[in-house]
> 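Following this message is one structure expressed as structure tokens.
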Amino acid sequence: MTHRTPAETDLAAAHEAVLTWFDAHARGLPWRAQGTSAWAVLVSEIMSQQTPVARVVPRWRDWMARWPAPSDLAAAPTAEVLRAWDSLGYPRRALRLKECAAVIAAEHGDRVPCDEETLRALPGIGAYTAAAVASFACGRRTTVLDVNIRRVLARVFDGHAHPKGALTKSETAWAAQFVPADGPDARHVAWNAGVMELGALVCTSRNPACEVCPLAEQCRWLAAGRPAGDDPARKPKTQAWHGTDRQLRGAIMAVLKAAEAPVARDLFTASATEFDGGPDGTFDAQGAAHEAVETAILRVREPGDGQRIGRLIDALIADGLAAESRAGLHLPH
DNA sequence: AAGGCGGGGGA
DNA sequence: TCCCCAGCCTT
């Protein structure tokens, strides 16, 4: 599709507006403090993928205090890593982060690389995170594009309510022209961080606060009367959370994380079978995990859960999130 | 290009 | 209830 390009004077005005606004309104996120290591920034980016930043902050503090360097995390037991991940969601991110730490420790001298291509090749690091680390941790001039920045650029410079579908190379090339080309590194870094912050705090997806937006004067979307436009790659059918495989996966993971000892794999299946319509509706499972399992099953019990649990446990093992031994099911070491 | 993957908080 | 959130990886 064809993108609009603003006049240079408008772009310069946009730069000043965003930088001034960011200077006054930036959240005091701990990883923005002076002296934060590149590794700590990288960890914050991984934790923030699809997760509200406010929820990340306490987990990040504990995490960095415990494993300050990549080699520290690489040496940590996977079970402890998954427990420390707590309920941030998408626990596979914790596995990728540990793998990432191992590569950095073994191949990059325990130092986070600043080259975007090198970053992109690390486990769990995609286009966004590579650019974000290169910019925020290394001061490299690059084009950072997350959901917030894409939305702000789409509205201000293109007049659309939402970015179109998946990120393309042409959109990246289009967005690159807005990043300040001159001035000190702090300038383009603040542009990237500032536009992102603007998208998170003001130019939000649903109820943007245009009345306080520093880019309101030049926003094509606002000038056009904020047309609704196409929905942003919205799923045609929103899937319910209750009763889904994802909820059940999370429940099983919660049991494994809470258990002191390995949990007998039979326990899951037996419990679910009873709830599926077993003989007397009771089960006599033993062990410390009994109550936790019962709770987990009760939260999600549906006909067929017995088979689902077995299938999901196999998937968890395949994903490396769970391990199995003669003693039973447990978190991988 | 599409689908899977967690979980919590707000509208 | 539905939507959103500093995405990534595999078909």
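Reminder, nothing fancy here: chain letters follow the sequence lines and each chain counts from 1.
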> When you check the phosphate oxygens OP1 and OP2 of C:dC8, does a side-chain N or O of A:Thr129 lie under 4.0 Å from one of them?
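The answer is yes; a side-chain N or O of A:Thr129 sits under 4.0 Å from OP1 or OP2.
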> Specify the separation, in whole Å, of atom CG of A:Leu95 and atom P of C:dC8.
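Rounded to the whole Å, the gap is 16 Å.
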> How is A:Thr51 classified with respect to the nucleic acid when contacts are heavy atoms under 4.0 Å: base, sugar-phosphate, or nothing?
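Answer is base: heavy atoms of A:Thr51 come under 4.0 Å of a base.
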> Of the options C:dC3, C:dA6, C:dG7, whose atoms approach the side-chain atoms of A:Val147 most closely?
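Within the option list, the nearest is C:dG7.
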> Distance check needed: B:dA1 P versus A:Lys169 NZ, whole Å only.
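A:Lys169 atom NZ is separated from B:dA1 atom P by 13 Å.
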> In plain terms, say whether A:Glu16 and A:Arg187 are close enough for a salt bridge, that is, a side-chain N and a carboxylate O under 4.0 Å apart.
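Looking at A:Arg187 together with A:Glu16, the answer is yes, because their closest N to O distance falls below 4.0 Å.
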> For nucleotides C:dC8 and B:dG8, find the distance between their P atoms and express it as a whole number of Å.
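Each nucleotide's P atom is 23 Å from the other's.
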> On a whole-Å scale, what distance lies between the P atoms belonging to C:dA6 and B:dG3?
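Each nucleotide's P atom is 24 Å from the other's.
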> Nearest-nucleotide wise, let me know which of A:Asp86 and A:Asn207 is further upstream toward the 5' end of DNA chain B.
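It is A:Asp86 whose nearest nucleotide is closer to the 5' end.
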> Quiz question: going by heavy-atom distance under 3.5 Å, is there a donor-acceptor pair between the base of C:dG7 and the side chain of A:Ser48?
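Such a pair does not exist between side chain and base.
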> Describe the nucleic acid contact of A:Ala127 in one word from base, sugar-phosphate, nothing, applying a heavy-atom distance below 4.0 Å.
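Sugar-phosphate contact only.
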> Could you tell me whether the side chain of A:Arg55 has a donor or acceptor atom within less than 3.5 Å of a complementary atom in the base of B:dG8?
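No, the side chain and the base share no sub-3.5 Å donor-acceptor pair.
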> Classify the nucleic acid contact of A:Trp31 as base, sugar-phosphate or nothing, counting any heavy atom under 4.0 Å across all strands shown.
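The answer is base, as A:Trp31 lies within the cut-off (heavy atoms under 4.0 Å) of a base atom.
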> Nearest to the A:Ser205 side chain among B:dC5, B:dG7, C:dC4, which nucleotide is it?
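Ranking B:dC5, B:dG7, C:dC4 by closest atom to the A:Ser205 side chain puts C:dC4 first.
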> Nearest to the side chain of A:Gln50 - C:dC4, C:dC5, C:dC8?
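Selected nucleotide (nearest to the side chain): C:dC5.
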> Toward the 5' end of DNA chain C, which comes first, A:Gly124 or A:Ala193, by nearest nucleotide?
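Looking at DNA chain C, the more 5' nearest nucleotide goes with A:Ala193.
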> Could you identify the nucleotide paired to B:dA1, looking across every strand shown and requiring Watson-Crick or G-U wobble geometry with both distances under 3.5 Å?
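Looking at the geometry, B:dA1 pairs with C:dT11.
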> Starting at CG of A:Leu312 and ending at P of B:dC5, how long is that distance when rounded to a whole Å?
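In whole Å, B:dC5 P lies 8 Å from A:Leu312 CG.
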> Mind calculating the distance between CD1 (A:Ile46) and P (C:dC5) to the nearest angstrom?
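Result: 19 Å.
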> At less than 4.0 Å, is any side-chain N or O atom of A:Arg151 found next to OP1 or OP2 of C:dC5? Yes or no.
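A:Arg151 to C:dC5 OP1/OP2: side-chain N or O found under 4.0 Å.
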> Select from A:Arg120 and A:Arg32 the residue whose nearest nucleotide in DNA chain C is closer to the 5' end of that strand.
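Taking each residue's closest nucleotide, the earlier one in sequence belongs to A:Arg32.
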> What I want to find out is whether A:Arg141 reaches A:Asp185 closely enough, with some N-O distance under 4.0 Å, to be called a salt bridge.
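Salt bridge flag = no for A:Asp185 with A:Arg141.
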> Rounding to an integer number of Å, can you tell me how far A:Arg206 CZ sits from B:dA11 C1'?
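For the pair A:Arg206 CZ and B:dA11 C1', the rounded distance is 6 Å.
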> Given C:dA6, B:dC5, C:dC8, identify the nucleotide with an atom nearest to the side chain of A:Gln49.
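It is C:dC8.
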> I want to verify a distance call: between B:dG10, B:dG8, C:dA6, whose nearest atom is closest to the A:Glu197 side chain?
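Closest of the options to the side chain of A:Glu197: C:dA6.
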> Looking only at the side chains, is there a donor atom on one of A:Arg151 and A:Thr204 sitting less than 3.5 Å from an acceptor on the other?
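Side-chain D/A pair, A:Arg151 to A:Thr204: absent.
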> Using 4.0 Å as the upper bound for N to carboxylate O, is an ion pair formed by A:Asp158 and A:Arg220?
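Salt bridge between A:Arg220 and A:Asp158, a charged N being under 4.0 Å from a carboxylate O: no.
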> In whole Å, what is the span from the CG atom of A:Leu122 to the P atom of C:dG7?
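It is 19 Å, rounded to the nearest whole Å.
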> For the pair A:Cys213/A:Cys219, is the SG to SG distance below 2.5 Å?
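No, the SG atoms are not under 2.5 Å apart.
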> Any ion pair linking A:Arg32 and A:Glu197 (charged N to carboxylate O, less than 4.0 Å)?
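Yes, A:Glu197 and A:Arg32 are salt-bridged.
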> In whole Å, I'd like the distance from the CZ atom of A:Arg93 to the P atom of B:dG7.
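Interatomic distance, CZ of A:Arg93 to P of B:dG7: 11 Å.
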> Select base, sugar-phosphate, or nothing to describe what A:Ile149 touches, counting heavy atoms under 4.0 Å on all strands.
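No contact.
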> Describe the nucleic acid contact of A:Leu29 in one word from base, sugar-phosphate, nothing, applying a heavy-atom distance below 4.0 Å.
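Answer is base: heavy atoms of A:Leu29 come under 4.0 Å of a base.
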> Grouping I, L, V, M, F, W and Y whenever their side-chain heavy atoms are under 4.5 Å apart, do A:Phe136 and A:Met64 come out in a common cluster?
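No.
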> In whole Å, I'd like the distance from the CG atom of A:Leu167 to the C1' atom of C:dA6.
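After rounding, the gap between these two atoms is 14 Å.
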> If you check the A:Tyr90 side chain, which of C:dA6, B:dG7, C:dG7 turns out closest?
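Nucleotide nearest to A:Tyr90's side chain: C:dG7.
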> Picking from C:dA6, B:dG7, B:dG6, which would you name as closest to the side chain of A:Arg246?
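Side chain of A:Arg246 sits closest to B:dG6.
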